[in-house]
Amino acid sequence: MILVLDCGHSRLAWGLAGERGWTALGAVPNQEIGTLALRDWQNLPRPMRVVGINVAGEATRVRVEAQLVRWRTMPDWLIATEQADGVVNRYARPSQLGADRWAALIAAKRRMAGELFPSPCVVVNARTAVTVDALDAEGVFRGGIILPGLNLMMQALAASTVSLKMPPGQYHDFPVNNADALYSGAMQAVCGAIEQMRHRLGADAAPRCIISGGAAADIASHLTAPVEVVDNLVLEGVLALATI
């Protein structure tokens, strides 16, 4: 058994993997990490190994490791490297690439591995921030962008403009009230960034988009096909990196 961890800015996702795949999956907000040992993990079998990625900082790492004391094991924290599992990292400083983005790219490449003619792919993590990364058909990560997530965009507007402090509305192509205009604007900004990256990666036809994260399903419904929503893409990638 391998316990796989994905420590994001807002929540920690985890999965217990055996020979036949995931045997348990879960997630908690970061402020509830201290409850894992006595709640979510109380009845889990002791993992042989713990492997994770952490983009939430040192304090989160310390809190997670405290929850693993009951098993007398410490996690292997992964970072991005120059290449792994058929993916080449073109970042100027490979280790600067977020470990969550790297894991998602690894998982996306594995999903393409069975194709007779692999195609380029845009890999999106729609979390607190949204990352949009270009993976070409040869498995080369060409680069990517980071922008605020939907909630972060709307929170920033509400915090900086007195007249826009309101709950978000719904998506409309042509909003006719401020609440809908806020949400629709944030959604169009994210979708526009994704479609621009797809156009740059494959000018003749839109490359596949693989999208994961809390806002993935909402965003995917506004994107050009082909789009694949994957619930635990980062966990998949961390598990792949742990077993190569």
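What you see below is based on every heavy atom in this structure, not just the backbone, and it leaves out hydrogens, waters and symmetry mates.
- L36 and L235 fall into different hydrophobic clusters, where Ile, Leu, Val, Met, Phe, Trp and Tyr are joined by side-chain heavy atoms under 4.5 Å apart, directly or via other members.
- The side chain to side chain donor-acceptor pair (under 3.5 Å) test applied to R127 returns D6, not counting sequence neighbours.
- With a 4.5 Å cut-off on side-chain heavy atoms, I146 and R101 count as touching.
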**OP:** Let me see the working for I244 and L241 under side-chain contact (heavy atoms from CB on, under 4.5 Å), right down to the final yes or no.
**Re:** CA-CA 6 Å; I244 58 175; L241 288 165; 4.1 Å; yes
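- At a threshold of 4.5 Å between non-hydrogen side-chain atoms, the residues V50 and L5 count as touching.
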**OP:** Run the numbers on Y183 and H172 for side-chain contact (heavy atoms from CB on, under 4.5 Å), then give the verdict.
**Re:** CA-CA 9 Å; Y183 182 78; H172 293 282; over 6 Å; no
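- Scanning both residues, P167 and A179, for their nearest heavy atoms gives O-CB, 3.6 Å.
- V28 and V55 are not part of a single hydrophobic cluster, where members link through side-chain heavy atoms under 4.5 Å apart.
- One distance of note links SG of C7 with CG of L12; it measures 4.0 Å at 0.5 Å rounding.
- Between G15 and L25, the closest heavy-atom pair is CA-CD2, 3.7 Å.
- Residue pairs meeting the side-chain hydrogen bond (donor to acceptor under 3.5 Å, both in side chains) criterion with at least one partner in residues 215-226, sequence neighbours excluded, are E195-T224.
- In this structure the side chain of V124 never reaches within 4.5 angstrom of the side chain of T131, judged on heavy atoms.
- Formation of a donor-acceptor pair under 3.5 Å by the N54 side chain with backbone atoms of G57 is found in this model.
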Original post:
side-chain contact (heavy atoms from CB on, under 4.5 Å) between N89 and L97: does it pass, once the steps are laid out?
Top reply: CA-CA 9 Å; N89 183 353; L97 179 69; 3.8 Å; yes
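- Looking only at distances, a side-chain donor or acceptor of N30 sits under 3.5 Å from a matching main-chain atom of R11.
- Follow the hydrophobic side-chain contacts under 4.5 Å out from V234 and you reach V87 in the same cluster.
- Proximity of I53 to W77: side-chain heavy atoms (C-beta onward) are nowhere separated by under 4.5 Å.
- Atom CG of L44 is separated from atom CG of L3 by 7.0 Å, given to the nearest 0.5 angstrom.
- Annotation for Q188: atom CD counts as buried by contact number, over 12 foreign heavy atoms lying within 6.0 Å.
- To the nearest 0.5 Å, atoms CE (M74) and CZ (R61) are separated by 9.0 Å.
- Proximity of a side-chain donor or acceptor of D180 to a complementary backbone N or O of Y171 within less than 3.5 Å is not detected.
- Hydrophobic clustering of Ile, Leu, Val, Met, Phe, Trp and Tyr side chains at less than 4.5 Å, counting indirect connections, keeps I210 apart from L223.
- Residues M197 and I145 are in side-chain contact: their nearest non-hydrogen atoms beyond the backbone lie under 4.5 Å apart.
- Using a 4.5 Å heavy-atom cutoff, the side chains of S212 and V229 are not in contact.
- Within a 6.0 Å sphere centred on CZ of R39, heavy atoms belonging to other residues, nucleotides or ligands number more than 12.
- Between the side chain of S160 and the backbone N or O of L157 there is no donor-acceptor pair closer than 3.5 Å.
- One distance of note links CE of M1 with CD of E19; it measures 9.0 Å at 0.5 Å rounding.
- At least one side-chain heavy atom of I194 sits less than 4.5 Å from a side-chain heavy atom of I219.
- In the displayed structure, R90 atom CZ is contacted under 6.0 Å by at most 12 heavy atoms of other residues, nucleotides or ligands.
- Formation of a donor-acceptor pair under 3.5 Å by the R70 side chain with backbone atoms of W41 is found in this model.
- Hydrophobic clustering (ILVMFWY, side-chain heavy atoms < 4.5 Å, transitive): L68 and I2 are in distinct clusters.
- The shortest non-hydrogen separation linking V51 to A242 is CG2-CB, 3.8 Å.
- No more than 12 heavy atoms of other residues, nucleotides or ligands shown are found within 6.0 angstrom of CD on Q170.
- Between A189 and M153 the shortest heavy-atom distance is CB-CE, 3.9 Å.
- From L182, atom CG reaches atom CG of L150 across 12.0 Å, with rounding to the nearest 0.5 Å.
- With values rounded to the nearest 0.5 angstrom, D100 atom CG is found 6.5 Å from H9 atom NE2.
- What you find for A107 and L233 is that their closest heavy atoms are CB-O, 3.3 Å.
- Between F141 and Y91, the ring-plane angle classifies as tilted under the 30° and 60° cut-offs.
- Using a 4.5 Å cut-off on side-chain heavy atoms (C-beta onward), L201 and P207 make contact.
- T35 and E32 make their closest contact through OG1-O, 2.7 Å (heavy atoms, listed as atom of the first residue, atom of the second, distance).
- Evaluation of the side-chain hydrogen bond (donor to acceptor under 3.5 Å, both in side chains) test over residues 103-114, restricted to residues two or more places apart or in two chains, returns D85-R110, R111-E228, R111-E236.
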